Visitor: 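Please see the structure below; I have some questions.
Not measured: the values here are computed from a predicted model. Just so it is clear: chains get the letters A, B, ... in the order the sequence lines come, proteins before strands, and each one is counted from 1.
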Protein chains: 2
Amino acid sequence: MVKMIEVAKLARVSPSTVSRVLSNSPYVSEETRQRVLEAVKLLEYKPNRLASNLRKMSSKTVVVVLPDITNPFFSKILQGLEDVARENGYHVLLGDTGNSLKLEKDFIDLVRERFVDGLILATARIRKEEILAISQEMPVVLACEYVEGYDIPTVSIDNISAARQATEHLINLGHQRIGFITGPLGVILSRDRLKGYRQALLLHEIPIEEALIQEGDFSVKSGYDIMMKFLAVNPPPTAVFASNDEMAVGAMKAIKHKGMRVPDDVAVIGFDDIPLCTLVEPELTTIAQPKYEIGIQAMEMLLKIIKGEMLVKRQIVLAHQLVVRESCGYNLYRQGGEVETNIHT
Amino acid sequence: MVKMIEVAKLARVSPSTVSRVLSNSPYVSEETRQRVLEAVKLLEYKPNRLASNLRKMSSKTVVVVLPDITNPFFSKILQGLEDVARENGYHVLLGDTGNSLKLEKDFIDLVRERFVDGLILATARIRKEEILAISQEMPVVLACEYVEGYDIPTVSIDNISAARQATEHLINLGHQRIGFITGPLGVILSRDRLKGYRQALLLHEIPIEEALIQEGDFSVKSGYDIMMKFLAVNPPPTAVFASNDEMAVGAMKAIKHKGMRVPDDVAVIGFDDIPLCTLVEPELTTIAQPKYEIGIQAMEMLLKIIKGEMLVKRQIVLAHQLVVRESCGYNLYRQGGEVETNIHT
DNA sequence: CTGAAAGCGCTTACAG
DNA sequence: CTGAAAGCGCTTACAG
């Protein structure tokens, strides 16, 4: 491996000067710069990042902690995060926890070990107090996740309003018995979506039936299983709201397996707006989260913190959007013409 | 930030000893070890990885270069890669190129800069010769991708045989006019799948119609568009083989939009076996690639190279599998009972 | 079993 | 504009 000193010798300068040229310092004469650049080229010199990291006390790397990289929701957020990181000369270390608390802690420790300069948490199983403590001593931004009552930098949507809107969409279509498939209730955004569902029913004076609220785990299978339970209730719900799209698709499967039709017999609405929504039949109506944008903004926020800039806003709430497709029978809607429609292609 | 020297002082030993304790060196007395461990705990000391990296000339990090993290095929491979890396104390740096040659080169350069210890290429746009050169001077493994004629460490399936088997599945079901949607022909595995398709037709003495071979780009949309073209051919093909599942699903959409049915009017078979296959209707018959296993083996291979171990096999070919579901009318098949069926749940 | 010393390859304040 | 020197915080051969 070629070292800087060898380049320096060939260019008849000191290593300091080589370093200056490579870091684009203005304090180098054009002539010297050229000589150094030639030597660099000739020797195919690549600076040793390990050394420069130590000296600068920064690896220009950020760890992104998420529960499952194969989940299209998170991979899209990750893409936004990575794009901004790259544009700013940062790298992303993958922190796939598989929902393991231990792994989550291990990845967080990478910041303490100065292996990475900052931390994005797109999942957070650890206790609130710990998150708060960490966020006070090192650069951290929560993406999607958030912590109530604390002032931790966060980028997310308003899950309560979004879930309320989804539920009201069904109510406006005339549904009174609406099943709700929650996400894991240990996760705050699952609890928020449940809140929104409850608010919508209350607002429209529809009684809440506990039998129509069941906890899923965000998997297709759990959506399927819970829908099967709903269909065994007498009478079954005429509509179902699932806390994410995978569970909604699972619910649709269950309805079809029972020989019923979506949306005619049961309307279905999901949450997130992943690509799958337009690939199933009927296409899934859902609440779109600006996944890529969440990633963008979360990384921009983190880089600001790393650079020591002050944050104007520490909590960013991005807009969600009801995307009306086919799974709730949107034809009815067209007549009212009251709700925004946005059929993605 | 607490440094090692402070721990050493508190424990009344030298930094050397602290280092030995932390690296589990056997040359430390139990008594000393305890004293050091206590000091570490008391001061909440975390060793600075930037320094240790430089000293050891290793970051225990590997970069995984892939074209698109939101693609479920690659994210599953990545999961396998990451699991093995983590088990071995390694980290994964994300190298999402978005198919950009420049980014690909940038990520590869991270190995030259010693920022990472090794490289997994799950996409490879750069020239063969360059890949060969790189693989000779640093640890590299190709996953899925491969280079003909060179002895570069590789883990993949046999794409020719797999595509031949998919095509023969259709032929065995009685189809004679089989459309083929290729992947981008700049990618070797796309060309191999085309080869397999051709071989199958030749083997069964079915004439090859160039109009029934069209190049897609692995997207749902390209599958849709090409299928629309096929349906405009007179007479249209009775079956279609798409080089990946997304394009197959796009083709299914096109068929349905034309008011035709899958598999009754046109049979469809895909490639890869991503989760989507069981979520569309009818469920998609496809060739399953062992994605996770490819990741596992590729990373195991890479770590061996990094550790300087000799590779027994430099080219690993894993088994693919025909997964018969509903999109080719598998009922016909059951009578013959000749083909392995493997309906995933 | 333990410590003093050297050194990993850069970068950067300092001096000129 | 340029160079000599110090130092980032570890690890590890060497000596005892």
Side-chain angles (χ1 to χ4, degrees), chain A residues 1-40 43-61 89 109-117 138, chain B residues 1-40 43-61 89 109-117 138:
Chain A
M1 223 65 204
V2 183
K3 298 193 221 171
M4 184 175 277
I5 185 80
E6 302 171 44
V7 177
K9 276 179 186 155
L10 185 63
R12 285 167 288 123
V13 294
S14 72
S16 321
T17 299
V18 176
S19 178
R20 283 193 194 96
V21 170
L22 293 176
S23 61
N24 290 312
S25 159
Y27 305 117
V28 185
S29 75
E30 193 46 37
E31 191 201 15
T32 311
R33 181 184 303 278
Q34 289 309 328
R35 253 201 349 268
V36 170
L37 255 22
E38 269 170 41
V40 165
L43 298 174
E44 292 185 38
Y45 171 70
K46 292 276 173 197
N48 183 322
R49 285 277 275 274
L50 264 26
S52 116
N53 285 350
L54 173 59
R55 184 50 231 251
K56 297 202 215 161
M57 273 306 185
S58 153
S59 60
K60 289 249 181 188
T61 302
D109 264 350
L110 293 179
V111 197
R112 292 218 179 82
E113 296 170 4
R114 319 218 60 161
F115 190 63
V116 299
D117 299 348
M138 56 186 110
Chain B
M1 225 65 200
V2 182
K3 298 192 222 169
M4 184 176 276
I5 184 80
E6 303 171 45
V7 177
K9 276 179 186 157
L10 184 62
R12 285 168 288 124
V13 294
S14 72
S16 321
T17 300
V18 176
S19 178
R20 284 192 193 97
V21 170
L22 293 176
S23 62
N24 291 312
S25 158
Y27 305 116
V28 185
S29 75
E30 193 46 37
E31 191 201 15
T32 310
R33 180 183 303 278
Q34 288 310 326
R35 248 192 4 261
V36 169
L37 255 23
E38 270 171 40
V40 165
L43 298 174
E44 292 184 39
Y45 171 70
K46 291 275 173 198
N48 184 322
R49 285 277 275 273
L50 264 26
S52 114
N53 284 350
L54 173 59
R55 186 49 232 252
K56 297 201 214 160
M57 272 307 183
S58 153
S59 60
K60 287 247 181 189
T61 302
D109 264 349
L110 294 180
V111 197
R112 292 218 179 83
E113 296 170 3
R114 321 217 58 160
F115 191 63
V116 299
D117 300 346
M138 54 186 110

Visitor: Which stems, defined as runs of 3 or more consecutive Watson-Crick or G-U wobble pairs with both pairing distances under 3.5 Å, involve DNA chain C?
Guide: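 Stem list for DNA chain C: C:1-3 with D:14-16, C:5-12 with D:5-12, C:14-16 with D:1-3.
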Visitor: Nearest of C:dC10, C:dG3, D:dT11 to any side-chain atom of B:Ser19?
Guide: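 Between C:dC10, C:dG3, D:dT11, the one nearest the side chain of B:Ser19 would be D:dT11.
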Visitor: Under 4.0 Å, heavy atoms only, any strand: does A:Thr17 hit a base, just the sugar-phosphate, or nothing?
Guide: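 Touches sugar-phosphate only.
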Visitor: How long is the line joining CZ of B:Arg12 and P of C:dG3, in whole Å?
Guide: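 Taking CZ of B:Arg12 and P of C:dG3, I get 11 Å after rounding.
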Visitor: Pick the C1' atom in D:dG16 and in D:dT12, then give their distance to the nearest Å.
Guide: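 So the two C1' atoms sit 16 Å from each other.
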Visitor: If you take all heavy atoms of B:Ser25 and B:Val28, which pair is closest and at what distance?
Guide: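 Closest approach of B:Ser25 to B:Val28: O-CG2, 3.9 Å.
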Visitor: Quick test: give all pairs of protein nitrogen or oxygen and nucleotides 13-16 of chain C nitrogen or oxygen below 3.5 Å, distance rounded to 0.1 Å.
Guide:
{"from": "C:dA13", "atom 1": "N6", "to": "A:Arg20", "atom 2": "NH2", "distance (Å)": "3.1"}

Visitor: Listed in order of residue number, which residues of residues 44-54 of chain A have a non-hydrogen atom at under 4.0 Å from DNA chain C?
Guide: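 When residues 44-54 of chain A is checked for heavy atoms under 4.0 Å from DNA chain C, the hits, listed by number, are A:Tyr45, A:Asn48, A:Ala51, A:Ser52.
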Visitor: Please classify the nucleic acid contact of A:Thr32 as base, sugar-phosphate, or nothing, using heavy-atom distances under 4.0 Å.
Guide: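 Touches sugar-phosphate only.
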Visitor: Write down the distance between CG (B:Leu22) and P (D:dT12), rounded to a whole number of angstrom.
Guide: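 After rounding, the reported distance stands at 12 Å.
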Visitor: Nearest to the side chain of A:Ser14, which nucleotide is it out of C:dG9, D:dG3, D:dG9?
Guide: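 Nearest to the side chain of A:Ser14 among the choices is D:dG3.
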Visitor: Nearest whole Å is fine: how far is C:dC8 P from A:Ile5 CD1?
Guide: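 Taking atom P of C:dC8 as the reference, CD1 of A:Ile5 is at 11 Å.
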Visitor: Could you tell me the separation between the CG atom of A:Leu22 and the CE atom of A:Met4, rounded to the nearest 0.5 Å?
Guide: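 Those atoms lie 5.5 Å apart.
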Visitor: Rounded to whole Å, please give me the gap between CZ in A:Arg35 and P in D:dC1.
Guide: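 In whole Å, D:dC1 P and A:Arg35 CZ are 14 Å from each other.
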Visitor: Let me know the distance between CZ of B:Arg33 and P of C:dC1, rounded to the nearest Å.
Guide: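 The answer, rounded to whole Å, is 9 Å.
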Visitor: Identify the two heavy atoms, one from A:Ser58 and one from B:Leu50, that lie closest to each other, and give their separation to 0.1 Å.
Guide: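 Heavy-atom minimum between the residues: N-CD2, 3.7 Å.
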Visitor: Measure the distance from NZ on A:Lys3 to P on C:dG7 and round it to the nearest whole Å.
Guide: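 Value for this atom pair: 11 Å.
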Visitor: Give a yes or no on whether the backbone of B:Phe115 and the side-chain of B:Ser59 come within a donor-acceptor separation of less than 3.5 Å.
Guide: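 A pair under 3.5 Å: yes.
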Visitor: Would you name the heavy atoms of A:Ser14 and A:Ala8 that are closest together and state the gap between them?
Guide: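 That closest heavy-atom pairing would be C-CB, 3.7 Å.
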Visitor: Applying a 4.0 Å non-hydrogen cut-off, can you work out what B:Met4 is touching in the nucleic acid: base, sugar-phosphate, or nothing?
Guide: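 Base, at least one base atom sits under 4.0 Å.
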Visitor: To the nearest 0.5 Å, how far apart are NZ in A:Lys46 and CG in B:Leu110?
Guide: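 So the NZ of A:Lys46 and the CG of B:Leu110 are separated by 9.5 Å.
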Visitor: Tell me whether B:Glu38 contacts the main-chain N or O of B:Arg35 through its side chain, where contact means a donor paired with an acceptor under 3.5 Å.
Guide: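 Pair absent, no side-chain N/O of B:Glu38 close to backbone of B:Arg35.
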Visitor: From the options D:dC1, D:dT11, C:dT2, select the nucleotide whose nearest atom is closest to the side chain of B:Lys56.
Guide: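 The closest nucleotide is D:dT11.
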Visitor: Evaluate side-chain contact (heavy atoms from CB on, under 4.5 Å) for A:Val13 paired with A:Val18, printing each intermediate quantity in order.
Guide: CA-CA 7 Å; A:Val13 294; A:Val18 176; 3.8 Å; yes
Visitor: Without decimals, in angstroms, what is the distance between B:Glu113 CD and C:dC10 P?
Guide: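 Taking atom P of C:dC10 as the reference, CD of B:Glu113 is at 11 Å.
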Visitor: Please round to the nearest 0.5 Å and tell me the distance separating atom CG of B:Asp117 and atom NZ of B:Lys56.
Guide: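 Separation between the atoms: 11.0 Å.
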Visitor: I'd like to know if A:Glu30 and A:Arg33 make a salt bridge, using a cut-off of under 4.0 Å between side-chain N and carboxylate O.
Guide: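 Judged by the 4.0 Å cut-off on N to carboxylate O distance, A:Glu30 and A:Arg33 do form a salt bridge.
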Visitor: How many whole angstroms separate atom CE of A:Met57 from atom P of D:dA6?
Guide: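 After rounding, the reported distance stands at 19 Å.
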Visitor: Using every non-hydrogen atom in the two residues, find where B:Val7 and B:Val40 come nearest and quote the distance to one decimal.
Guide: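 Looks like CG1-CG2, 3.7 Å.
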Visitor: Using the P atom as the point on both nucleotides, what is the distance between C:dA5 and C:dC1, in whole Å?
Guide: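 About 24 Å, rounded to a whole number of Å.
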Visitor: For A:Ser19 and A:Pro15, indicate whether the former's side chain and the latter's backbone hold a donor-acceptor pair under 3.5 Å.
Guide: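 No; judged by distance alone, with no hydrogens or angles, the pair does not exist.
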